[in-house]
Amino acid sequence: MTIAIFRARFTFLTILACSFFLSPRPAAAEIRYTISLANPQQHLLHITMEVPDVQGELKLQMPAWNALYEIRDFSSHVQQVEAFSGDKRLDIEKLNKLTWDVHASGTVIIHYATFWDDPGPFDTQLNEEHSFLNPAMILLYVEDRRSEKCVLTLTDVPAEWKVASSAFVRQEQPPSARQFLFEAPSYDALADAPIEASKFEEFTIHDMTPPIHVVIHGDGWKRKGVEESLRKLCQYEIKLMDGAPYPSYTFLLHIGKAALGGGGGMEHANSSAIYVPSGAYLDNVSAHEFFHLWNVKRIRPSTLEPIDFTSEMYTRALWFAEGVTNTYASYAMVRTGIWNKQEFYQDLSAQISELEVRPAEHWQSAEQSSLDAWLEKYALYNQPQRSVSYYTKGQVLGVLLDIEIRDRTDNQHSLDDVLRSMNTDFARAGKFYHDSRDVRLAAEKLTGTPLDSFFSRYVSGAEPLPYREYFSRVGLELHTRETVKASLGFTAQRDPSGPWIVQSVDADSSAAKAGLRTGDEIVRWNSAEPPRRPQQWSSQHKPGDEVHLIIHRGEIEKNQAIDFHLGEVREKFFQVTEQPNAAERATHLREGLLRGNTDPITARNP
């Protein structure tokens with residue numbers, strides 16, 4: 001979900017330290033940043049910004065959003081903004097929550113600090129263990145000079161730490177000064193190149209050209225398993241899309257204890273940042289983030305361009321950009337043999353079950369879910385009766401559309417061809433596509449027949465998805481059964497960088513009986529930070545599992561412990577299985593789906 005396409009050169013992840021002094025500035029203008037990691041236990045990043053060639057007035061902005069489709073107002077972290085011309089202090093005026101104004105000419109130096117200790121790929125963190133930096137969350141920019149080259153120097157790096165990024169290293173100098181120097185062709189490119197500094201381990205995946213580098217901060221992983229699975233997934237997706245779109249690529253992985261409170265993955269143009277509780281979760285997340293190299297980073301909807309860092313950017317295409325990327329993560333898993341076909345069916349079953357358990361599936365379309373992505377930060381919106389996920393609905397729609405294309409063309413074409421043609425027609429041509437319309441047109445070009453009905457009914461419309469009709473074409477069946485799953489009994493919401501606040505408590509729940517109230521601030525959750533998605537956390541546990549909360553209430557100084565057991569809720573579960581004695585045609589199409597083959601059917605079977 002990050003936004004800027006980084007087409008600059010990149011280097012290997014272990015960047016050699018640079019000396020304390022900077023090289024002379026070249027003739028071309030470049031905006032320089034220096035970030036100090038001194039005293040990491042204070043969680044304060046001290047930043048200097050140098051802007052040359054100011055012509056009377058300088059307006060500085062801090063992005064309001066990045067990584068997530070949420071307005072998070074990163075300026076709320078900023079303090080002590082000062083401006084100088086040489087040794088002369090300049091007046092600086094804050095115009096609004098994101099903008100500062102300085103009247104000056106020549107070179108202007110800006111000093112400020114920003115506080116960050118939020119774990120995860122969508123945030124920034126500085127502590128005694130490591131520093132993970134998303135540049136757009138911490139670096140001011142000049143709106144009309146975003147296209148200028150940027151140079152970033154990381155200073156005061158602890159002696160035991162190494163530094164990794166996909167950003168180009170400008171120069172290599174002795175390590176004694178503990179400085180690391182990067183450059184990017186623009187602010188947007190720099191914003192799309194996160195930086196990890198820690199005692200990480202690293203390796204380069206063998207037999208991959210262009211090179212793929214892996215940086216791992218954490219525990220509970222084995223190199224052989226990680227390298228083998230990443231090689232399989234990357235090789236498959238590169239072959240699928242007719243070549244790699246990068247000069248080199250970096251996985252920034254946080255595994256085990258290093259990922260506590262910060263699960264998930266974030267794609268970037270030439271890297272990805274992934275936080276997983278154990279290596280068991282790594283493959284599927286990596287398959288998704290790596291496929292984003294094409295779908296969303298380069299095959300990109302026009303509604304997300306040009307980037308506006310200050311306000312929402314609405315698009316109806318996230319069902320394709322994110323959901324169909326989920327489709328291809330699952331395809332990569334089964335087509336490389338990391339999953340067997342039963343695991344693929346189980347994953348597809350889980351997506352259908354997640355959709356059908358939500359009453360909002362009956363009225364919220366995939367396009368509307370995409371458009372409403374900016375509401376996901378609100379707990380109320382995420383309730384089953386109010387929304388569906390464009391990730392989930394998009395993944396299922398991807399499979400159904402693949403079946404439709406294969407069936408209409410006797411397996412001569414597939415959704416794979418849609419992605420490849422869009423890569424050629426849009427990404428490689430430097431163009432952006434027009435949301436669902438261009439996806440439909442790309443598919444129609446392959447089938448030679450209109451697909452208006454499919455898109456109007458199931459993509460822009462919210463008609464019930466025709467699982468059984470479509471699955472029967474590829475020799476699959478859909479069964480239903482009832483299951484029991486864990487229920488939290490309450491909802492909670494977190495403002496950007498703020499505490500988790502209980503929004504509602506079910507009157508008959510164990511949480512209510514234990515004394516949890518609306519308005520309580522959740523300080524700790526099972527001796528750790530509260531999970532980023534509490535409802536998803538509960539889905540990974542069983543009814544009766546214990547929950548231990550430490551909460552703060554009102555003006556009472558002393559925190560309070562709330563202990564209760566997860567409740568239960570009964571849900572209908574859908575299961576995809578193979579049809580016994582499926583027709584030869586259906587079996588052929590099914591094998592094409594599972595293996596990624598487009599071997600044509602020579603004769604139609606009755």
Side-chain angles (χ1 to χ4, degrees), residues 15 18 20-22 25 30-52 54 58-67 72-87 89-90 92-94 97-102 104 107-118 123-127 130-143 145-146 148-158 161 163 165 167 170 177-184 186-197 309 496-497:
I15 301 167
C18 300
F20 187 76
F21 57 89
L22 296 176
R25 187 166 68 227
E30 57 187 32
I31 295 175
R32 291 170 166 256
Y33 299 91
T34 301
I35 303 175
S36 170
L37 302 187
N39 303 312
Q41 71 280 1
Q42 296 178 1
H43 316 299
L44 270 178
L45 296 158
H46 294 276
I47 299 174
T48 299
M49 179 184 186
E50 178 183 330
V51 185
V54 177
L58 177 66
K59 284 192 176 179
L60 301 158
Q61 288 186 320
M62 178 65 74
W65 70 283
N66 181 257
R72 294 193 281 164
D73 292 327
F74 304 128
S75 60
S76 64
H77 294 250
V78 172
Q79 60 192 56
Q80 299 174 314
V81 183
E82 299 175 310
F84 295 86
S85 176
D87 295 331
R89 182 185 294 272
L90 303 174
I92 184 167
E93 179 184 5
K94 190 168 187 180
K97 65 179 181 178
L98 302 176
T99 311
W100 290 260
D101 187 45
V102 181
T107 297
V108 176
I109 307 295
I110 308 296
H111 296 294
Y112 63 98
T114 181
F115 181 97
W116 280 96
D117 189 27
D118 294 347
D123 285 293
T124 287
Q125 187 167 39
L126 174 64
N127 60 27
H130 83 135
S131 178
F132 178 74
L133 307 178
N134 271 307
M137 299 176 189
I138 60 176
L139 299 182
L140 293 164
Y141 65 91
V142 184
E143 174 58 35
R145 297 178 64 174
R146 277 167 49 184
E148 293 182 20
K149 180 186 289 186
C150 295
V151 176
L152 185 153
T153 305
L154 200 63
T155 68
D156 302 310
V157 179
W161 291 8
V163 175
S165 177
R170 173 133 177 181
R178 305 308 300 159
Q179 291 204 55
F180 300 80
L181 188 63
F182 310 94
E183 72 174 31
S186 67
Y187 177 88
D188 291 20
L190 184 61
D192 204 26
I195 300 169
E196 168 69 19
F309 285 117
S497 305

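The structure displayed is predicted, hence computed values, not measured ones.
The minimum heavy-atom distance between Ile47 and Ile138, with the atom names listed, is CD1-O, 3.3 Å. Here the shortest heavy-atom pairing between Ala104 and Leu90 reads CB-CD1, 3.7 Å. Closest non-hydrogen pair, Arg89 versus Phe84, comes out as CA-CD2, 3.6 Å. Between Ala193 and Pro135 the shortest heavy-atom distance is O-CG, 3.6 Å. The two atoms that bring Ala136 and Pro63 nearest to each other are O-CG, 3.1 Å, heavy atoms only. Between Leu139 and Met62, the shortest heavy-atom distance links the atoms O-SD, 3.8 Å.
Centroid-to-centroid, the aromatic rings of Trp161 and His130 stay 6.0 Å apart or farther. Taking the six-membered ring for Trp and the full ring otherwise, the centers of Phe309 and Phe74 sit at least 6.0 Å from each other. Here the two rings, on Phe115 and His43, have centers that are under 6.0 Å apart.
Residue Leu37 holds its CG atom at 6.5 Å from CG of Leu133, rounded to the nearest 0.5 Å. With rounding to the nearest 0.5 angstrom, the CG atom of Asp156 is 7.5 Å from the CD atom of Gln179. Atom CD of Gln41 sits about 11.5 Å away from atom CG of Asp117, to the nearest 0.5 Å. Interatomic distance, Ile31 CD1 to Cys150 SG, rounded to the nearest 0.5 Å: 5.5 Å.
A donor-acceptor contact closer than 3.5 angstrom is absent between the side chains of Gln80 and Tyr112. Checking Thr114 against His77 by side-chain atom types alone, no donor-acceptor pair falls below 3.5 Å.
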Derivation of the side chain to side chain donor-acceptor pair (under 3.5 Å) call for Gln125 and Asp118: CA-CA 5 Å; Gln125 187 167 39; Asp118 294 347; over 6 Å; no

Step-by-step side-chain contact (heavy atoms from CB on, under 4.5 Å) determination, Leu154 to Leu181: CA-CA 6 Å; Leu154 200 63; Leu181 188 63; over 6 Å; no

Salt bridge (Lys or Arg N to Asp or Glu O under 4.0 Å) assessment of Arg145 paired with Glu143: CA-CA 6 Å; Arg145 297 178 64 174; Glu143 174 58 35; over 6 Å; no

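Note on Glu148 versus Arg146: no salt bridge recorded, every NZ/NE/NH1/NH2 to OD/OE distance being 4.0 Å or above. A salt bridge links Arg72 to Asp123: one of the charged nitrogens lies within less than 4.0 Å of a carboxylate oxygen.
For the side chain to side chain contact (heavy atoms under 4.5 Å, CB included) criterion with Leu58, the lone passing option out of Val142, Ile92, Asp101 is Val142.
For Thr124 (side chain) and Asn134 (main-chain N/O), a donor-acceptor pair under 3.5 Å exists by modelled atom type. Ser75 places a side-chain N or O within donor-acceptor distance of the main-chain N or O of Lys97, the cut-off being under 3.5 Å. Side-chain N or O atoms of Ser85 include none that pairs as donor or acceptor with a backbone N or O of Val108 at under 3.5 Å.
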